Amino acid sequence: MMTTLKGIPAAPGVAMGRALFFDSEEPAIPKRPITEAQVPSEMLRLEEALIKTRHQIVGIQKKVATELGQEHAEILNAHLLVLEDQSLREEIIQGLRTEKLNVETIFNDVIHRHLKAFSRTEDEYLRERMADIEDVRRRVLRNLMGRQHATLAQLDHAAIVIARDLSPSETAQMPKQYVLGFVTDVGGRTSHTAIMAKSLEIPAVVGLQVATKRIRDGVFVIIDGGHGDVLVDPDEATIERYKLEQRRYQEASRQLLQLKDLPAETLDHHQVILAANIELPDEVPSVIAHGAQGIGLFRTEFLYLNRPDFPTEEEQFAAYSTVAEQLKPHPVIIRTMDLGGDKLASQLQLPMEMNPFMGWRAVRFSLARPDIFRVQLRAILRASVHGNLKMMYPMISGVEDLRRANEIFQEVRQELQREGVPFAEVFEVGAMIEVPSAALTCDLLAQEVDFFSIGTNDLIQYTLAVDRVNEKIAYLYEPTHPSILRLVKQIIDVGHAAGIWVGMCGEMAGEPPLSLLLLGMGLDEFSTSPVQLPIVKQVIRSVEYSFARQAVEQAMKLRTGKEVEAYLIASLKQAAPALVE
Ligand code: PEP
Ligand code: MG
């Protein structure tokens, strides 16, 4: 019988096909009863798996030592210590004898007990070891069961992927020809997984909470990514209805693309820049196809994901200069790496953090690891002669970290100068405004940068204290909250008063009713996922600038996010009825 599940709309479009369960991390552990006589042979299987795991880790250690140095390789000693732990073995033997269950189950239970105890301890060192133990647990289980790490890149037939969670790096590896769409239990609208789905133009619904429980492997499903609906085992009439809806969506997108070469200007000729966000250089054709006037955010951290080592200066130079060449004369804003949060680079082996989005990420990480940061800055500067490049730092929290980043940037410039390596003399450097402390001190920051780019995905999560990837509180994530309206308006006004331009690269810039508001606030540049650009352009081309300004004035008087949202939708409906459903 058909059931309809409601989740969070992540990437628009309708997709239908057979469900395929995907879990890259968690090997499915078989539970088998054993007899007392089988305890030694089960223990022997475990010893073999531990030895195999040891060989694998020592192999990785050698590679890390040659590529990154001995010091980095030693981080993996903690993994080896777990494998050698005698008391762990004793606990497992004890478990095998009392529970009389196979060694995979007992090993897994014992490790989970330890992880639980560690998570409660005050001892930071022990908490940091949780990630090591978790890693060892997965490796040993895979070796016990002979299973390799599954990746979506191995998919060889068309399916709708159902997963508890998908990391942004897994999503980036999706073969577009086979992944018709995907559904996850966790995640929010501005999680990088959702953003990646939009970039790949794969319809997706996230934060469904019960998808992996309620959808059986192999069942036929329809997903409507724009509305967040998932229909499980639909009847014929529903399938036909959604096929129609799929064609309607494709036709509407095709129609909007006809605006591609027209300027983003209001009826009374107020112009703004419409740029696109990308994660990887191969998204450039989509950027051009959707008529962007440049790239407002290149999330360069994606170059660091899904690989055992760091991208070299040459690799980064090739990526940045190719993108710059393809887009010129339009600008390309390279954001220095924003690792951390939900974008974890496996080669770093970072300890698990309690609050990763508020932790060691973005420019904080870059300033702590100038060795890695400098490589990127050299590559960016070298690429600057190949097009119209600009650069910005993520997660600036005040003047101090901005100055420190700029100091390193100046040192790298001087270094290149000494080496006689060419780079652009005029080069704009901006700050992302995505931390409330930066928003509230933007008058100070404006004196030291060439532009601002408002990162609302983070600014909203920090201002409203709503984790952007937590589906349980997603209803609180409100771009229209009066606090956000005030902050955004203040950043734009202060930037303009200081004589710099102000853009926005958060997803807020790509939502039609909100683009009316941002237009009226005087935002200079809107940068969003390429697929959202045509509809934003349509909004801008449908209204007078004065109408948008009046809408801002009214919206700023309202008291709740819901009131603001309803007001903006009504205003947009008045100006452009066809754009509102
Ligand atoms: C933002 O925070 O709004 C932003 C654009 O950066 P990211 O989504 O990569 O954190
Ligand atoms: Mg951000």
Side-chain angles (χ1 to χ4, degrees), residues 10-11 167-169 171-172 187-199 206 275-280 283 292 294-305 332-345 355-366 390-397 401 405 430-439 442 451-470 477-479 481 484 487-488 491-492 502-511 514-515 518 523 525-530 532-533 536:
S167 68
S169 53
T171 313
R189 192 184 261 269
T190 64
S191 63
H192 287 98
T193 301
I195 290 171
M196 198 68 218
K198 265 193 221 160
S199 295
V206 299
N277 296 347
I278 64 164
E279 286 73 39
L280 290 165
E283 291 163 33
I295 288 177
L297 166 65
F298 182 171
R299 291 187 165 95
T300 59
E301 56 279 5
F302 278 81
L303 297 173
Y304 294 69
L305 305 181
V332 173
I333 305 179
I334 310 254
R335 172 183 62 195
T336 60
M337 65 192 136
D338 185 5
L339 289 167
D342 59 351
K343 290 168 293 196
L344 300 173
N355 290 304
F357 273 104
M358 290 201 273
W360 202 40
R361 67 173 280 217
V363 79
R364 299 168 181 185
F365 171 79
S366 298
K390 304 176 200 284
M391 175 181 87
M392 63 185 179
Y393 307 117
M395 228 191 156
I396 289 292
S397 49
D401 45 13
M432 285 192 71
I433 306 293
E434 49 183 351
V435 178
S437 59
C442 60
F451 65 93
F452 286 154
S453 184
I454 310 173
T456 46
N457 301 339
D458 279 318
L459 186 62
I460 296 170
Q461 82 162 338
Y462 298 134
T463 306
L464 302 181
V466 178
D467 184 340
R468 64 194 264 191
V469 299
N470 187 335
Y477 191 94
E478 276 188 318
H481 192 282
I484 305 301
L487 280 180
V488 169
I491 299 164
I492 299 172
V502 182
M504 178 179 287
C505 57
E507 294 302 292
M508 183 174 176
E511 301 276 335
L514 299 173
S515 44
L518 299 168
L523 190 74
E525 179 233 32
F526 295 60
S527 191
T528 183
S529 307
Q532 298 299 119
L533 288 177
V536 173

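Read the numbers this way: they start at 1 and go in the same order the structure lists the ligands and their atoms. Just so it is clear, the structure is predicted and the values come from calculations on it, not from any experiment.
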By the definition side-chain contact (heavy atoms from CB on, under 4.5 Å), identify the one residue from Glu283, Arg335, Arg299 that meets it with Asn277.
Arg299
Proximity of Thr190 to ligand 1 by residue part, where a heavy atom lies under 4.0 Å:
neither
Heavy-atom closest contact (Cys505 atom, Gly296 atom, distance):
CB-O, 4.3 Å
Within the structure, does Glu301 bring an N/O atom to less than 3.5 angstrom of an N/O atom in ligand 1?
no
Here the gap from Thr456 atom OG1 to Arg468 atom CZ, rounded to the nearest 0.5 Å, amounts to 9.0 Å
Report the nearest protein non-hydrogen atom to atom 6 (O) of ligand 1: residue, atom name, distance rounded to 0.1 Å.
Arg335 NH1, 3.0 Å
Taking only heavy atoms of Asp458, which atoms of ligand 1 are found under 4.0 Å from at least one of them?
1 (C), 2 (O), 3 (O), 10 (O)
Determine whether Arg189 and Glu507 make a side-chain contact, defined as any pair of heavy atoms from C-beta on separated by less than 4.5 Å.
no
Residue and atom name of the nearest protein heavy atom (relative to atom 7 (P) of ligand 1), distance in Å to one decimal:
His192 NE2, 3.1 Å
Quick one: CE on Met337 to OH on Tyr304, what's the gap to the nearest 0.5 Å?
4.0 Å
Would you name the N/O/S atom of Glu434 that lies closest to the Mg ion (ligand 2)?
OE1
Quick one: does Tyr477's side chain have a donor or acceptor within less than 3.5 Å of a partner on Asn457's backbone?
yes
Among all the protein's non-hydrogen atoms, which is closest to atom 5 (C) of ligand 1, and how far away is it?
Cys505 O, 3.3 Å
Spatial distance of atom CE (Met432) from atom CG (Leu297) [nearest 0.5 Å]:
6.0 Å
The Mg ion (ligand 2) to Asp458: nearest N/O/S atom name:
OD2
Look at atom 2 (O) of ligand 1 and say which protein heavy atom is nearest, naming residue and atom and giving the distance to 0.1 Å.
Glu434 OE1, 2.9 Å
Within the 4.0 Å heavy-atom shell around Leu297, which atoms of ligand 1 are there?
5 (C)
Between the NE2 atom in His192 and the CD atom in Glu279, the distance rounded to the nearest 0.5 Å is 7.5 Å
Out of Met395, Arg468, Glu507, indicate the one that has the non-hydrogen atom closest to atom 10 (O) of ligand 1.
Arg468
Any non-hydrogen atom of Gln461 lying under 4.0 Å from ligand 1?
no
May I ask you to identify, for Asp338, whether its side chain, its backbone, both or neither come under 4.0 Å of ligand 1 on a heavy-atom basis?
side chain
Taking 4.0 Å as the limit for heavy-atom contacts, which would you say applies to Met508 with ligand 1: side chain only, backbone only, both, or neither?
neither
Distance under 4.0 Å to a non-hydrogen atom of Arg361: what atoms of ligand 1 satisfy this?
10 (O)
Do Val502 and Leu523 have side chains that get closer than 4.5 Å, going by heavy atoms?
yes
Proximal ligand 1 atoms for Met432, defined as those under 4.0 Å from one of its heavy atoms:
4 (C), 5 (C), 6 (O)
Should Leu459 and Val435 count as side-chain neighbours, where that means a heavy-atom distance under 4.5 Å?
no
Rounded distance (nearest 0.5 Å) linking atom CZ of Phe302 with atom OG1 of Thr171:
8.0 Å
Lys343 near ligand 1 by a heavy-atom separation under 4.0 Å:
yes
